[in-house]
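See below for the structure under consideration.
Small disclaimer: the values here were computed from a predicted structure and weren't measured. Count residues from 1 along the sequence.
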Amino acid sequence: MTFQKLLIGASMAIGVSALATAPAHALSFEFNNTKEINTYTGGSSATFIKGDAQGGTDAAIKALTDNDPTSNVELWSSDENPTSNVGFTTTVDGKSVTVSSITKDDWKIFGSQWLDGFLQAHSTRGITVNGDKVTVGSTTISKAGLLSSLLSTGLPSSGDPNIGTFAYDASTSQLTLDIIGHKDLKPRLDIKLQNRYATGNSVWDGMLTGAALQMTSIQASEIAKVTVGTGNDVQTYFAYSFDAIATGITASDDKESYSGKYTWSQKLPTAVPEPSVMLGLLGVAGVFASQRKFKKASI
């Protein structure tokens with residue numbers, strides 16, 4: 001083996017080694033308002049731990065990373081009408097990621113997309129859409145009216161998500177959130193119930209209460225705002241789903257909540273290689289250039 005080949009091989013090995021052996025770091029989390037954080041420790045007989053209580057943030061971090069979707073962290077816990085974006089921030093692949101509750105103003109950004117998704121997901125469950133007409137059984141309502149109410153009021157009770165799992169796969173740049181809620185809202189909309197489910201939006205409460213009598217099921221998760229990046233390089237996503245699977249448990253307090261797991265996943269922008277990797281690759285390029293010069297000088 002010539003010296004040049006040996007040097008090239010060593011340089012390439014250094015570059016590849018930097019890619020392959022970069023140390024994995026455990027995620028760290030920062031919470032922007034611990035008073036509005038509430039952690040459920042998992043299972044059907046678990047307890048709740050407030051974020052500002054002793055060990056509160058540790059319990060929240062454990063719930064987010066323990067791969068048990070029944071343990072979860074509620075982002076905004078004081079009532080059913082979030083007025084600010086409460087949540088946590090961590091770093092994955094050098095990118096800042098913030099997950100938070102949503103407010104009425106956020107609905108102006110994604111309300112139209114959410115409505116289309118809701119109607120499409122429930123087209124096999126009893127809803128039909130024909131132009132501006134949304135029909136459930138014998139009841140027809142204007143799609144434009146539904147959208148207008150979303151953009152002006154939102155669905156306040158959907159803005160305080162319970163995050164069961166925060167996971168990031170570095171090999172695919174895939175971020176995944178499990179959002180824990182009711183597997184089926186239909187039983188919770190029964191007009192006979194004293195504490196039946198309400199969205200906080202009178203237009204939607206009326207539509208859903210009537211729809212519950214006609215539809216086979218109603219599935220919709222709460223919603224989280226996901227912000228990736230900092231400064232001028234920021235991308236915003238809204239995490240939600242209309243398909244739930246059973247968690248196998250219900251909450252210890254009301255014996256109804258946390259029966260469904262909704263999963264949202266998003267491929268994040270590819271991270272810029274670490275400086276050490278770039279130096280290794282530049283070293284390889286430099287060696288090739290030197291080898292070429294050497295060959296020319298030998299002729």
Side-chain angles (χ1 to χ4, degrees), residues 27 29 37-49 51 59-77 80 82 86-88 90 92 97-102 110 113-114 117-118 120-125 155-169 172 174-189 196-197 199 208 212 215-226 237-268:
L27 294 176
F29 295 84
I37 299 295
N38 197 23
T39 299
Y40 184 74
T41 56
S44 292
S45 57
T47 58
F48 293 87
I49 303 175
I61 292 170
K62 182 178 185 298
L64 292 170
T65 58
D66 62 5
N67 294 319
D68 175 7
T70 68
S71 62
N72 63 80
V73 180
E74 184 176 20
L75 308 179
W76 189 276
S77 60
E80 296 296 315
V86 168
F88 58 85
T90 187
V92 295
V97 178
T98 298
V99 179
S100 67
S101 56
I102 67 167
F110 76 99
Q113 178 184 358
W114 185 94
F118 177 86
Q120 176 61 37
H122 290 82
S123 63
T124 58
R125 304 170 189 169
L155 302 177
S157 63
S158 295
D160 55 343
N162 294 74
I163 308 299
T165 299
F166 177 97
Y168 180 72
D169 186 341
T172 61
Q174 203 78 11
L175 175 66
T176 300
L177 299 180
D178 286 335
I179 304 171
I180 309 305
H182 293 281
K183 182 177 181 293
D184 186 358
L185 286 170
K186 178 178 176 176
R188 297 287 302 117
L189 290 162
R196 67 179 180 273
Y197 176 79
T199 67
L208 289 174
M215 297 175 64
T216 57
S217 66
I218 301 175
Q219 293 186 331
S221 73
E222 293 174 317
I223 302 152
K225 185 175 185 177
V226 181
Y237 308 93
F238 291 92
Y240 55 86
S241 170
F242 303 111
D243 292 290
I245 62 173
T247 61
I249 67 113
T250 54
S252 59
D253 56 349
D254 64 9
K255 305 301 181 184
E256 293 178 339
S257 304
Y258 310 158
S259 59
K261 180 182 79 169
Y262 298 83
T263 298
W264 172 88
S265 188
Q266 175 67 44
K267 183 177 176 65
L268 300 187

Could you tell me whether the side chain of L75 reaches within less than 4.5 Å of the side chain of I37, counting heavy atoms only?
yes

Heavy-atom donor-acceptor pair, S157 side chain to T199 backbone, under 3.5 Å
yes

Does D68 offer a backbone N or O that forms a donor-acceptor pair with the side chain of S71 under 3.5 Å?
yes

Out of curiosity, Q174 CD to Q266 CD, how far, rounded to the nearest 0.5 Å?
7.0 Å

Mark yes or no for whether K186, through its side chain, and M215, through its backbone, hold a donor-acceptor pair below 3.5 Å.
yes

How long is the span from the OH atom in Y237 to the CG atom in L177, to the nearest 0.5 Å?
12.0 Å

Do you know the tightest heavy-atom contact between A121 and T124?
O-OG1, 3.9 Å

Is a donor on one side and an acceptor on the other found under 3.5 Å between the side chain of D184 and the backbone of I218?
yes

Ring pair (Phe, Tyr, Trp, His ring centres under 6.0 Å) involving F238 - partner list, sequence neighbours excluded:
F110

Of all the heavy-atom pairs spanning V99 and A224, show the shortest one and how long it is.
CG1-CB, 4.0 Å

Any donor-acceptor N/O pair, S252 side chain to A46 backbone, under 3.5 Å
yes

Can you find a heavy atom in the side chain of I245 that is under 4.5 Å from one in the side chain of K261?
yes

Those residues at least two apart in sequence (or on a different chain) that pass side-chain hydrogen bond (donor to acceptor under 3.5 Å, both in side chains) with D254 are S257

Surrounding CD of Q120 (heavy atoms of other residues, nucleotides or ligands, distance under 6.0 Å), is the total greater than 12?
no

Please confirm whether the backbone N or O of Y258 pairs with a side-chain atom of T247, one donor and one acceptor, at under 3.5 Å?
yes

Name all residues meeting the ring pair (Phe, Tyr, Trp, His ring centres under 6.0 Å) criterion together with Y262; count only those two or more places apart in sequence or in a different chain, and write none if there are none.
none

Distance, nearest 0.5 Å, that separates CG of L189 from NE2 of H182:
9.5 Å

The reported gap from NZ in K267 to OG1 in T172 (rounded to nearest 0.5 angstrom) is 6.0 Å

Is it the case that the side chain of S158 and the backbone of I223 share a donor-acceptor pair, with hydrogens and angles ignored and the cut-off at 3.5 Å?
no

Point-to-point distance, once rounded to the nearest 0.5 Å, from CD of Q113 to OH of Y240
3.5 Å

Check: Y168 ring centre within less than 6.0 Å of F166 ring centre
no

Going by heavy atoms in the side chains, are L175 and V92 under 4.5 Å from each other?
no

For S45 against Y40, the heavy-atom pair lying closest together
N-OH, 4.1 Å

Applying salt bridge (Lys or Arg N to Asp or Glu O under 4.0 Å) to D243 and not counting sequence neighbours gives R125

With sequence neighbours excluded, residues passing side-chain contact (heavy atoms from CB on, under 4.5 Å) with A59:
T39, I49

Identify the heavy atoms of P82 and P156 that sit nearest to each other, and give their distance.
CD-O, 3.4 Å

In this structure, CH2 of W114 is separated from CG of L155 (nearest 0.5 Å) by 5.0 Å

Given the options L64, V97, I61, T90, L27 meets side chain to side chain contact (heavy atoms under 4.5 Å, CB included) only with T90

Mind checking whether D253 and F48 have side chains closer than 4.5 Å, heavy atoms only?
yes

Closest heavy-atom pair, F242 versus G117, reported as atoms and distance to 0.1 Å, is CE1-C, 3.3 Å

Please enumerate all residues that pass ring pair (Phe, Tyr, Trp, His ring centres under 6.0 Å) together with H122, with sequence neighbours excluded.
F118

Are any non-hydrogen side-chain atoms of K225 and S100 less than 4.5 angstrom apart?
yes

What residue among I163, T165, N72, N162 forms side chain to side chain contact (heavy atoms under 4.5 Å, CB included) with I179?
I163

Main chain of K183, side chain of Q219: is a donor-acceptor contact present, judged purely on distance under 3.5 Å?
yes

Might you point out which heavy atoms bring N67 and P69 nearest each other, and give the distance in Å?
O-CD, 3.5 Å

State whether the side chain of S44 and the backbone N or O of I249 hold a donor-acceptor pair below 3.5 Å, judged by distance alone.
no

Could you walk me through whether T70 and I180 pass side chain to side chain contact (heavy atoms under 4.5 Å, CB included), step by step?
CA-CA 7 Å; T70 68; I180 309 305; over 6 Å; no

